[in-house]
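Remember, it's a predicted structure, so these values are computed and weren't measured experimentally. Side chains are part of it too, since the values below use all heavy atoms of this structure and drop only hydrogens, waters and symmetry mates.
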Amino acid sequence: MYNNHRKDRTDRKKELRRHCGIVLFTLTLALGAAFLYFTANSSQDTQRIKSENKVINENKEALEKEEEQKEAETVEANAVALSMWNHILVNPWNKLPENFTVDLQQLDDGQAIDKRAYPDLQAMMDDAHAQGLSPMICSSYRAPEKQEYLFDDKIRRCEEQGYSKDEACKVAATWVALPGTSEHQTGLALDIVSSNNQTLEKEQENTPEQQWLINNSYKYGFILRYPSDKSNITGISYEPWHYRYVGREAAKIIHDRGICLEEYLDSLKSVSKQN
């Protein structure tokens, strides 16, 4: 009886050890499987991250190349814009080339303009007349001799007002460009007034014709060349009658930004220099 009891106890211990072994074996398998699973997932995550980083880097490189391409195109476009015939800069510091010539389109009353600007000028004047307005071109292309006469005449009138010779020259230059520095010699500039008020005075800006031109001329490629707040840049006093042809694209930019031609051209140059 005693021996049977001992045998039962021994058998139970063996059975317990066997169960423990099975449990341990099962746990080992489970842990091994879990380790393999997490290792595999970790490897997949690592590969996924590497793949994502590769895509990000490739996209970044593509964007950088695209940006470089755009910058190169901008520089090229700006260089072209700076050399365009209708972007020629003429002011007290930039004289016309000695051999400058222009192919002119004759207008009414002996006026003339560069033939390439004529279609846009005609469209602007036609639309102004369609609005019931009466704009009149009182000055356009000027030969060098004409510009010389106008400048000397302005000096004379300043002297009559009491200015010394040197003072008269300085004052005259703020109103009439020195020969060779006048936009009128380019064939791209026009003095446009109201047929009901033909005086070249500040009050010209109050006429319906000037109000329409100030707000709409850019649509046809023209800008108010000498705004009231840009005299220190243009070197010319405010002239609410002087319009300059620069082309429709440039005119819109100049109008929208509220800048003058010098500032527009400088912005093109600065972008080119940065690149």
Would you indicate whether the side-chain heavy atoms of [Y] and [X] approach each other to under 4.5 Å?
{"X": "L150", "Y": "S182", "value": "no"}
{"X": "I137", "Y": "M125", "value": "yes"}
{"X": "E205", "Y": "S228", "value": "no"}
{"X": "Y264", "Y": "I223", "value": "no"}
{"X": "I155", "Y": "K165", "value": "yes"}
{"X": "I254", "Y": "R244", "value": "no"}

More than 12 heavy atoms of other groups within 6.0 Å of Y149 OH
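Not buried by this count: 12 neighbours or fewer within 6.0 Å.
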
Quick check: are there more than 12 heavy atoms from other residues, nucleotides or ligands sitting under 6.0 Å from OH of Y163?
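No, the 6.0 Å shell around OH holds no more than 12 heavy atoms from other groups.
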
Please answer whether the main-chain N or O of [Y] pairs with a side-chain N or O of [X] as donor and acceptor at a distance below 3.5 Å.
{"X": "Q185", "Y": "P179", "result": "no"}
{"X": "S231", "Y": "I236", "result": "yes"}
{"X": "H184", "Y": "Y141", "result": "no"}
{"X": "D109", "Y": "Q111", "result": "no"}
{"X": "E209", "Y": "S134", "result": "yes"}
{"X": "S237", "Y": "W175", "result": "no"}

Determine, stepwise, if the pair K230 / E263 fulfils salt bridge (Lys or Arg N to Asp or Glu O under 4.0 Å).
CA-CA 10 Å; K230 302 294 182 179; E263 291 172 307; 3.0 Å; yes

Hey, could you give me the [atom1]/[atom2] distance between [X] and [Y], rounded to the nearest 0.5 Å?
{"X": "T207", "Y": "Q204", "atom1": "OG1", "atom2": "CD", "result": "4.5 Å"}
{"X": "L188", "Y": "I113", "atom1": "CG", "atom2": "CD1", "result": "7.0 Å"}
{"X": "D152", "Y": "C169", "atom1": "CG", "atom2": "SG", "result": "8.5 Å"}
{"X": "N206", "Y": "K202", "atom1": "CG", "atom2": "NZ", "result": "6.5 Å"}
{"X": "E167", "Y": "K170", "atom1": "CD", "atom2": "NZ", "result": "7.5 Å"}

Partners passing side chain to side chain contact (heavy atoms under 4.5 Å, CB included) against E262 (at least two apart in sequence or in another chain):
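So E262 forms a side chain to side chain contact (heavy atoms under 4.5 Å, CB included) with L89, N91, R225, I233, T234, C260.
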
Could you go through the side-chain hydrogen bond (donor to acceptor under 3.5 Å, both in side chains) check for Y243 and Q210 one step at a time?
CA-CA 11 Å; Y243 292 88; Q210 292 304 336; 2.8 Å; yes

Side chains of N197 and T199, donor plus acceptor under 3.5 Å:
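The answer is yes; a qualifying pair exists.
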
Indicate the atoms forming the closest heavy-atom contact of T186 with E183, along with that distance.
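Minimum heavy-atom separation between T186 and E183: OG1-O, 2.5 Å.
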
Starting from the C-alpha separation in whole Å, work towards a yes-or-no answer on side-chain contact (heavy atoms from CB on, under 4.5 Å) for L104 and S140.
CA-CA 11 Å; L104 296 169; S140 54; over 6 Å; no

Not counting sequence neighbours, list each pair that qualifies as a ring pair (Phe, Tyr, Trp, His ring centres under 6.0 Å) and has a residue in residues 194-236.
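Pairs touching residues 194-236 that pass the test: Y218-H255, F222-Y245, Y226-H242.
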
